[in-house]
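Here is the structure we will look at.
Below, all heavy atoms of this structure are taken into account, side chains as well, without hydrogens, waters or symmetry copies.
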Amino acid sequence: MITKRPRGTADATPTDTPKWQYLESVAREICRCYGYGEIRTPVFEHTELFQRTVGEFTDVVEKEMYTFEDRGGRSLTLRPEGTAAAGRLFLEAHLDAAALPAKLYYLSWPIFRYERPQAGRLRQHHQFGVECFGSADPLVDAEIITMAQDFLSAVGLADLRVGLNSMGCPECRHAYRAALREHYGPRREKLCPDCQRRYEQNPLRLLDCKVETCQELKSGLPPMGDFLCPACQEHLKKVEGYLHELGIRYHRDPSLVRGFDYYTRTVFEISHQALGAQDVVCGGGRYDGLVESLGGDPTPGVGFGLGLERLLLILEEEGVSLPSAPPLDVFVVTIGEEVRSTAFGLVQAYRRNGWRADLDVMDRSMRAQMRFADKYPARYVLILGPDELAGQQVPIRNMVSGTEEKVALKDAVGYLAEQSRVGT
RNA sequence: GUGGCUGUAGCUCAGUCGGUUAGAGCGCCAGGUUGUGGCCCUGGAGGUCGGGGGUUCAAAACCCCUCAGCCACCCCA
């Protein structure tokens with residue numbers, strides 16, 4: 001082999017793509033019902049876009065971006081997430097000047113992060129995501145969570161775990177950050193090296209460290225909930241109220257923290273145990289400061305990103321059956337060179353009438369052609385040899401029932417339509 | 001980025017203590033049936049034993065490096 005695919009990437013063959021197309025069609029249908037419209041943006045953006053929105057000191061920006069300089073000296077980055085690009089488009093396409101909210105979705109966007117690969121974690125993966133710009137209404141937070149839930153159940157998933165938390169607004173977050181520093185300050189030396197860095201750069205992340213000694217140091221720490229300002233508490237309460245009314249099961253997880261700086265107030269994750277350590281299939285929340293940080297007027301927003309490879313892994317693990325390559329409607333078996341142009345014409349006639357039709361191009365014996373048609377699989381096999389050509393009558397074999405009928409060659413195309421009308 | 005496990009045919013896997021020409025099942029191709037699929041039978045193709053280096057009379061096996069996959073961490077979808 002001359003080439004190998006780069007580490008942490010995946011190919012999709014004709015066996016795989018029907019499954020992707022299926023997920024995409026379900027996603028589109030959900031978005032249609034919820035009133036969202038599709039957007040497309042370039043796979044790379046100015047590096048600064050992600051630095052400003054995702055955050056300078058986040059893991060993603062610090063060490064996971066595919067950043068390069070183009071021939072004009074610009075620093076560009078393959079997008080490591082979708083929301084920032086959606087926000088950029090929102091401003092650049094002047095959607096902020098149109099009627100709000102702007103309800104946008106993106107489908108199968110390639111997302112790039114330089115990470116150590118394992119099952120459910122790739123360097124290029126694909127996300128279905130939804131973003132709603134312009135409304136601060138907690139109803140939209142609930143709508144977004146419901147949408148993700150609806151999509152996942154529509155493709156056949158149950159046993160989902162929805163985690164919910166609030167990260168507060170900049171004011172209450174500031175207060176909590178101070179409280180964290182106060183709590184950890186005296187015991188700073190006992191923290192793991194990662195947490196010592198977090199203490200300096202991003203104290204909120206101290207909360208979900210899994211190192212045992214750091215866990216112990218958490219005792220006596222007031223939960224973030226205590227620091228939420230009245231407005232943020234009210235917001236969270238309303239989101240929960242809507243979820244409750246809609247019958248969405250979730251659990252409050254006070255230690256749930258998202259790794260991107262743009263999140264404010266509502267954050268949530270949907271996970272599934274079939275996935276192992278990388279168990280989060282969907283993550284999202286509210287990002288009221290994002291548009292402003294891009295230079296636009298203050299504009300609230302909420303959204304989610306959903307990993308399609310991880311979803312496919314869960315579905316496979318759970319034994320949910322997904323579409324595979326479609327069968328052939330008719331395979332035309334040819335006997336001898338002299339019938340081939342007639343056979344080709346016939347196959348073309350089928351195709352132009354919307355049938356999936358094929359014929360032998362491997363110079364196979366009749367028997368081998370029959371075996372090939374069987375394995376394809378083909379619903380019908382039409383046999384065309386010198387005798388049929390002379391008599392203008394062809395046998396058409398139903399490969400499921402094994403029955404065969406003689407049909408006039410000129411009626412061969414109509415025959416399939418007739419049979420499907422009858423319901424065979 | 002850290003620690004660990006695993007790489008043998010297209011796929012799933014055997015391969016004894018380091019010993020001659022590396023095997024099986026499935027899949028693929030052809031034939032048994034010179035014009036009829038599935039079942040059965042026969043035959044065939046297909047291998048840099050992940051790659052490179054080393055130890056040895058001899059390496060798929062032992063050692064080192066490297067690449068890839070997987071597991072956990074970190075982080076995330």
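- Spacing between atom CD of A:Gln278 and atom C1' of B:C70 amounts to 12 Å, rounded to whole angstrom units.
- Here B:G35 is the nucleotide among B:C67, B:G38, B:G35 with the atom lying nearest to any side-chain atom of A:Pro386.
- Rounded to a whole angstrom, the distance from the P atom of B:G7 to that of B:G51 is 13 Å.
- Only the C1' atoms considered, B:A59 is 15 Å distant from B:U16, to the nearest whole Å.
- Using a 4.0 Å heavy-atom cutoff across all strands shown, A:Gly129 reaches no nucleic acid atom at all.
- The pairing partner recorded for B:G18 is none, the criterion being a Watson-Crick or G-U wobble arrangement whose two distances lie under 3.5 angstrom.
- Residue whose closest nucleotide on RNA chain B sits further toward the 5' end, between A:Met399 and A:Pro6: A:Met399.
- Between the side chain of A:Arg116 and the base of B:G3 there is at least one donor-acceptor pair of N/O atoms closer than 3.5 Å.
- B:U8 and B:G69 have their P atoms separated by 14 Å, with the value rounded to a whole Å.
- In this structure, A:Lys4 does not reach the B:G51 phosphate: none of its side-chain N or O atoms is under 4.0 Å from OP1 or OP2.
- For the pair A:Arg364 and A:Phe372, the cation-pi test (distance below 6.0 Å, angle within 45°) is passed.
- B:A58: no Watson-Crick or G-U partner with both key distances under 3.5 Å is found in any strand.
- Of the side-chain N and O atoms in A:Thr58, none sit less than 4.0 angstrom from OP1 or OP2 of B:C75.
- Separating the P atom of B:C49 from that of B:G43 is a span of 28 Å, rounded to the nearest Å.
- Note on A:Glu309: nothing from the nucleic acid sits closer than 4.0 angstrom, heavy atoms only.
- Side-chain atoms of A:Glu62 and base atoms of B:G1 include no donor and acceptor less than 3.5 Å apart.
- Regarding A:Glu404, its CD atom lies at a distance of 15 Å from the P atom of B:G35, rounded to whole Å.
- With B:U36, B:G37, B:C75 as the choices, the nucleotide that has an atom nearest any side-chain atom of A:Asp374 turns out to be B:G37.
- Enclosure of atom CD in A:Gln392 by more than 12 non-hydrogen atoms of other residues, nucleotides or ligands within 6.0 angstrom is indicated.
- Across all strands shown, B:U48 forms no Watson-Crick or G-U wobble pair with both key distances under 3.5 Å.
- Nucleic acid contact for A:Leu311: none, since no nucleic acid atom lies under 4.0 Å from a heavy atom of the residue.
- Counting non-hydrogen atoms under 4.0 angstrom, A:Glu388 reaches a base of the nucleic acid.
- Residue contacts for A:Phe260: at a heavy-atom cut-off of 4.0 Å it reaches the sugar-phosphate backbone alone, with no base atom in range.
- Among the heavy atoms of the strands lying under 4.0 Å from A:Ala119 are primed sugar atoms or P, OP1, OP2 only; no base atom is included.
- Using P as the reference atom, B:C65 and B:U2 are 14 Å apart when rounded to the nearest Å.
- Geometrically, A:Arg123 engages A:Tyr114 in a cation-pi contact, judged by NZ or CZ lying under 6.0 Å from the ring centre and within 45° of the ring axis.
- The partner of B:C5 is B:G69, judged by Watson-Crick or G-U wobble contacts that both fall below 3.5 Å.
- Heavy atoms of A:Glu81 sit nowhere under 4.0 angstrom from any nucleic acid atom.
- Using a cutoff of 4.0 Å between basic side-chain nitrogens and carboxylate oxygens, A:Arg356 and A:Asp329 are not scored as salt-bridged.
- A:Asp279 has its CG atom 10 Å from the P atom of B:C73, to the nearest Å.
- Taking atom C1' on both B:A45 and B:G38, the two are 24 Å apart, rounded to the nearest angstrom.
- For the pair A:Met370 CE and B:G32 P, the interatomic distance rounds to 16 Å; values are reported in whole Å.
- The residue among A:Arg7 and A:Gly259 whose nearest nucleotide of RNA chain B lies closer to the 5′ end is A:Arg7.
- Taking the charged nitrogens against the carboxylate oxygens, A:Arg40 and A:Glu38 do have a contact shorter than 4.0 Å, which makes a salt bridge.
- Taking 3.5 Å as the limit, the base of B:U36 and the side chain of A:Gln369 contain no donor-acceptor pair of atoms between them.
- Ring-plane geometry between A:Trp20 and A:His126 is classed as perpendicular, the angle between the planes exceeding 60 degrees on a 0 to 90 degree scale with a lower cut at 30.
- Closest contact between the side chain of A:Met366 and the listed nucleotides B:C75, B:G35, B:A77 involves B:G35.
- Here A:Phe268 and A:Tyr250 keep their ring centres 6.0 angstrom or further from each other.
- Neither side chain, A:Ser293 nor A:Thr53, offers a donor N or O lying under 3.5 Å from an acceptor on the other.
- A:Gly8 comes within 4.0 angstrom of the backbone, heavy atoms only, and of no base.
- For A:Gln118, no side-chain nitrogen or oxygen approaches OP1 or OP2 of B:G69 to under 4.0 Å.
- Between B:G47 and B:G37, the two C1' atoms lie 32 Å apart (nearest whole Å).
- In this model, a side-chain donor or acceptor of A:Arg121 finds a partner on the base of B:C74 within 3.5 Å.
- If you take CD of A:Glu115 and P of B:C75, they are 11 Å apart, rounded to a whole angstrom.
- Considering only side-chain atoms of A:Ala368, the nucleotide from B:G69, B:A30, B:G37 that sits closest is B:A30.
- Listed nucleotides B:C29, B:C71, B:G35 differ in distance to A:Arg364; the shortest reach to its side chain belongs to B:C29.
- No side-chain donor-acceptor contact under 3.5 Å links A:Thr13 and A:Asp11.
- Here the options are A:Arg161, A:Arg310, A:Gln278, the test is side chain to side chain donor-acceptor pair (under 3.5 Å), and the partner is A:Ser271; only A:Arg161 passes.
- Under 3.5 Å, the side chain of A:Arg371 and the base of B:G32 form at least one donor-acceptor pair of N or O atoms.
- Rounded to whole Å, the separation between the C1' atoms of B:C70 and B:C63 comes to 24 Å.
- Of the candidate nucleotides B:G1, B:C73, B:G38, B:G38 has the atom nearest to the side chain of A:Arg397.
- Remark: P of B:U36 and CD1 of A:Ile383 are 9 Å apart, rounded to the nearest angstrom.
- As a whole-Å value, the separation of A:Glu131 CD from B:A77 C1' is 13 Å.
- At whole-Å resolution of the value, CG in A:Leu122 and P in B:C70 are 8 Å apart.
- Nucleotide B:G43 forms a Watson-Crick or G-U wobble pair with B:C29, both donor-acceptor distances falling under 3.5 Å.
- Within 4.0 Å of A:Glu269, counting heavy atoms only, lies no atom of the nucleic acid at all.
- Pair check for B:G23 finds B:C13; Watson-Crick or G-U wobble, both atom distances under 3.5 Å.
- Side-chain atoms of A:Arg367 and base atoms of B:U36 include no donor and acceptor less than 3.5 Å apart.
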